[in-house]
Amino acid sequence: MAIDYSERRVQAYTIVFGLTVLFSIIELAISAWLTARFDARLDYFSIAERDGTHFILFASLWTSVLFITFFLGMFGMMARSRGDKVIRAITSNGFHVSFLLLTWIFWTAGAASITSVLGGGLNCSQTIFAYCGQLNAMEAFSWLIWILVTLATVAVLIQAINSTRRGEGFWGSVF
Ligand SMILES: *[C@@H]1O[C@H](CO)[C@@H](O)[C@H](O)[C@H]1NC(C)=O
């Protein structure tokens, strides 16, 4: 099957999706460390803080795995096996739109909940929270990931609408 994809689209995709994987893995490390501390020492300030951290751990793991799957699809496509059904499905508009919207909901919930728990952000010189620096970092990375996922979702939605207009439909390629 002929391969036709836009080089510029692949580059933009690699930057936005690559940064999301990088930040999700950093967020995964921070939230896993905090979760381990909270579980071992019970030194969380509130149940909402503990549960928000657990949820961000889940969202980070979800996002890392999903975006690595997106990349495997892209590499598969570039390795000229686009005729492969699995690769076509993974690189499709429909697959991207569905899972990106779900991921966007996770990060909206995760970033908003940890921000509300921390009252917008902690002042580390006068807080009673343990792990002030880690908590602020977790909040900052959650908003960075939220921004990237929002960008990716909007770009893929536009691409999906254009490709639907061209008659390629739900399973047209994002590239
Ligand atoms: C943080 O708290 C310290 C000590 O109370 C205060 O001097 C400082 O101005 C506060 N910083 C911010 C950004 O509010």
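Atoms within each ligand, like the ligands themselves, are counted from 1 in listed order.
Taking the six-membered ring for Trp and thresholds of 30 and 60 degrees, Phe38 and Tyr131 have ring planes inclined between 30 and 60 degrees apart. Ring pair Trp62/Phe99 is tilted by interplanar angle, where 30° to 60° counts as tilted. Taking the six-membered ring where the residue is Trp, Trp146 and Trp104 present tilted rings, their angle falling between 30° and 60°.
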Could you walk me through whether Thr14 and Met74 pass side chain to side chain contact (heavy atoms under 4.5 Å, CB included), step by step?
-> CA-CA 9 Å; Thr14 305; Met74 186 182 89; 3.5 Å; yes
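Within a 4.0 Å radius of atom 11 (N) of ligand 1, the protein has at least one heavy atom. Within a 4.0 Å radius of atom 7 (O) of ligand 1, the protein contributes no heavy atom.
In the vicinity of Ser125, heavy-atom distances shorter than 4.0 Å reach the ligand 1 atoms 1 (C), 2 (O), 3 (C), 4 (C).
Closest protein heavy atom to atom 5 (O) of ligand 1: Gln126 OE1, 2.8 Å. Ranking the protein heavy atoms by distance from atom 1 (C) of ligand 1 puts Asn123 ND2, 1.4 Å first.
In summary, the aromatic rings of Tyr13 and His96 are positioned with their centroids under 6.0 Å apart.
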